[in-house]
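Order of the sequence lines fixes the chain letters, A, B, ..., with proteins taken first and strands second; residue numbering starts at 1 for each chain. A quick note: this is a predicted structure, and the numbers were derived from the prediction, not measured.
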2 protein chains.
Amino acid sequence: MNKKLTTIPLSSPKSEVVCNLCELFGLCRVAGLNSGDDARLERIVSRRLQIKRGRMLFAAGEKFKYVYAVKSGAFKSYLLMENGCEQIVDFHFPGELIGLEGMALGHYAYAASVLESGSVCRMRITELPLSDTELMQFWQRQAEALSRRVHHCQSAFLLIGSKSVERSLAIFLLNLSERFVERGLPGYRFRLPMGREDIANYLGVANETVSRVLTRMQEQGLIAVSGRNIQLRVPVRLRELACCIET
Amino acid sequence: MNKKLTTIPLSSPKSEVVCNLCELFGLCRVAGLNSGDDARLERIVSRRLQIKRGRMLFAAGEKFKYVYAVKSGAFKSYLLMENGCEQIVDFHFPGELIGLEGMALGHYAYAASVLESGSVCRMRITELPLSDTELMQFWQRQAEALSRRVHHCQSAFLLIGSKSVERSLAIFLLNLSERFVERGLPGYRFRLPMGREDIANYLGVANETVSRVLTRMQEQGLIAVSGRNIQLRVPVRLRELACCIET
DNA sequence: AATTGAATTTGACTTAGATCAAGGCGAATC
DNA sequence: GATTCGCCTTGATCTAAGTCAAATTCAATT
C-alpha cells in the first residue's frame, strides 16, 4: 500500500550546512574570522567532530565548557525529572546551536544527546583572548542568539498548549520544514530524525496517538508517511490546520 | 464554609520590590549606579510609572523601545494568533523584566499587558552613551538574564507537557510561590493576580477544569482557596504531586 | 538470508477533561 | 442597599486521547 518514500537523512554528507548558514558563524567571525586570523579561530573552534547516535553531549547541571553547532545529524535537549522520566525541550538540526544558555550561567541548563549521528563544531569560549570591543560584539551576538531562542521557545507554547493533537502535529511538522528550508535543506520531503516516542514526549501526548494521527493525516491525503520518511503533500491545508481555520 | 482568606494583592505599596532584588538592577548598575552618576541613571531609567490594569505595555512586533521592570502589580505576555485567540506565554511579577528579548531583535517578540495595576521602571536602552567596557558588561548581563529566561521558559514544558492537570496546577502554584519568595513576598499565602481564564489559557486547559481541580485540591486539604486568595497548606505534598511521586 | 529485538501500527476499552448550560457569588456602580 | 455585570463554581453529557495488549514492520547483526 505504501509506495516507498525515500528521503535523505540529515546525517548525509550532502546536507552538511555551510558556515555562513550556521548560527555559530556570527560568533566565529568575532573570534577570528573577520580579523583573518585563522590560527586563532582554529584554537577556539574544533570543527566537524563526528558524533555517534546515542552519545551525550553534556548532562544537565554540568559545568559549561563548549557551545556546540550542529553541522549534520540531529540532536535533542531534555530535562530529567526526579522520578527519572525525561521531558524533551527542543530538537536541534544543522546550523543550530546547543548549550548556548550555559555560557552566561556557568553550567548547562539541560542535557543534550544525539538522535542521528552527525558532526558538530564546538567552541571553547571560556578561554577567548579578546579585546573589550571584540568581547562587546561577542556578548551582543550572544544576546541576539539567546533572544531568538527565547522566541522559539515561547512559540512552542502554541504547539503544546493547543487543544487537538492534530493541530500540534501540524505545527510541529511545519516547524521542522521551515527549519530545514532555512538551512538549505528540502522542506517538503524529509526524514524525521526522531522516533514517535520522542515526538510524543515533546508534544506531551502518547506515542500511540502520534501514530494514529499521522496515519489519519495520511488517509486525508495531507501527508505521506512511511516509517520516518515523510512528505508534506498539501502544506497549505496543514497551515490551515495549524491556525485552527475551519474548512 | 470558607473561612475568609485575606491576602495582600501584589499591587499593594507594601509589596514593591527594592532595587537590589530587581532583575534590572544589574543593568542599572552598569548604566550609572556603580559610577555614582545618578544624573545619568535618571536620564535612562524612568522609575515607578503607575500603570492601570488592562493597559498594554506594547504589542507583538512593535519596534523595541524600553525594557520594563515590574516594581509592583502583575503582568502577562502573550502571543496573538491569526484566528484571534491568544496564548499566554508568561506572567511577570515584581522584580522581573518584560520585553528583554526585544532589545537584540529590534522588536518585541510578544505583546504584554497589565493584569493587576502597579508600577514599573523602564529603561531607554537604545540611547545609552556607554564606553566599550561598559557595553561589554551590559551585553553580558543581558545574556545572563536571557539565559535565565530560556531556562525558565523550558521549565514551563514540564508544566504544560505533564499528563494530569492536577500536576500542572501544582507546579504552577509552587512556581508562583517561589517567584514571590525570591522577591521577598510571602510564599504560602498570596493573591492570584490572574483569573481562572488566564491560568487555564497558560496551562492549555479549560477554565472549568482549573476551577474543579482547585476545589478538589481544597477538599484534599492541600490548599485553601477563596476566589483569588490562596494558601498552600501542605507544600510538601504539593511538591510530591509536582514530581509525580506516588503516595 | 535468517534472526533477533526494537519501533511502529492497530484494536478494544477506559477515562480525564472538554463542552454546554445553569446557578451562585462578589465587587463595582448607581 | 439594591442592581448589575463579570467571574467563578457546579452538574450532566460527550469525545478525544490514554492505556493495555497484540500484531506487524523495520533495522541491525550475525
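The distance from atom OG of A:S168 to atom CD1 of A:I160, rounded to the nearest 0.5 Å, is 8.0 Å.
If you take CG of B:L203 and C1' of C:dA18, they are 15 Å apart, rounded to a whole angstrom. In this structure, B:R167 atom CZ and C:dA16 atom P are separated by 16 Å, rounded to whole Å. The CD1 atom of B:I230 sits 19 Å away from the P atom of D:dC7 (whole-angstrom rounding). Rounding to whole angstrom units, CG of residue B:L214 and C1' of D:dT9 are separated by 11 Å. The CZ-P distance, from B:R212 to C:dA21, rounds to 15 Å in whole Å. Between A:N207 atom CG and D:dT19 atom P the separation is 10 Å, expressed in whole Å. One atom, CD of A:E219, and another, P of C:dT9, lie 12 Å apart when rounded to the nearest Å. Distance A:E197 CD to D:dG18 C1': 14 Å, rounded to the nearest Å.
A cation-pi arrangement, defined by a distance under 6.0 Å to the six-membered ring centre and an angle within 45 degrees of its axis, is present between A:R122 and A:Y66.
The listed nucleotides are C:dA18, C:dT8, D:dT9; the one nearest the side chain of A:S211 is C:dT8. Closest contact between the side chain of B:A206 and the listed nucleotides C:dT19, D:dT10, D:dT19 involves C:dT19.
Looking at B:E23 and B:R149, no side-chain N of the basic residue comes within less than 4.0 Å of a carboxylate O on the acidic one, giving no salt bridge. Look at B:E116 and B:R228 and you find no salt bridge, because none of the NZ, NE, NH1 or NH2 atoms lies under 4.0 Å from a carboxylate O.
Considering all non-hydrogen atoms of both residues, A:F93 and A:P193 come closest at CE2-CG, 3.5 Å.
Look at A:T209 and you won't find any side-chain N or O under 4.0 angstrom from OP1 or OP2 of D:dA16. For C:dT10, one of the phosphate oxygens OP1 or OP2 lies less than 4.0 angstrom from a side-chain nitrogen or oxygen of A:T215. Considering only side-chain N and O atoms, A:R196 lies under 4.0 angstrom from the phosphate OP1 or OP2 of C:dT9.
Evaluation of atom-type donor-acceptor distances gives no pair under 3.5 Å for the side chain of B:R228 against the base of C:dG26.
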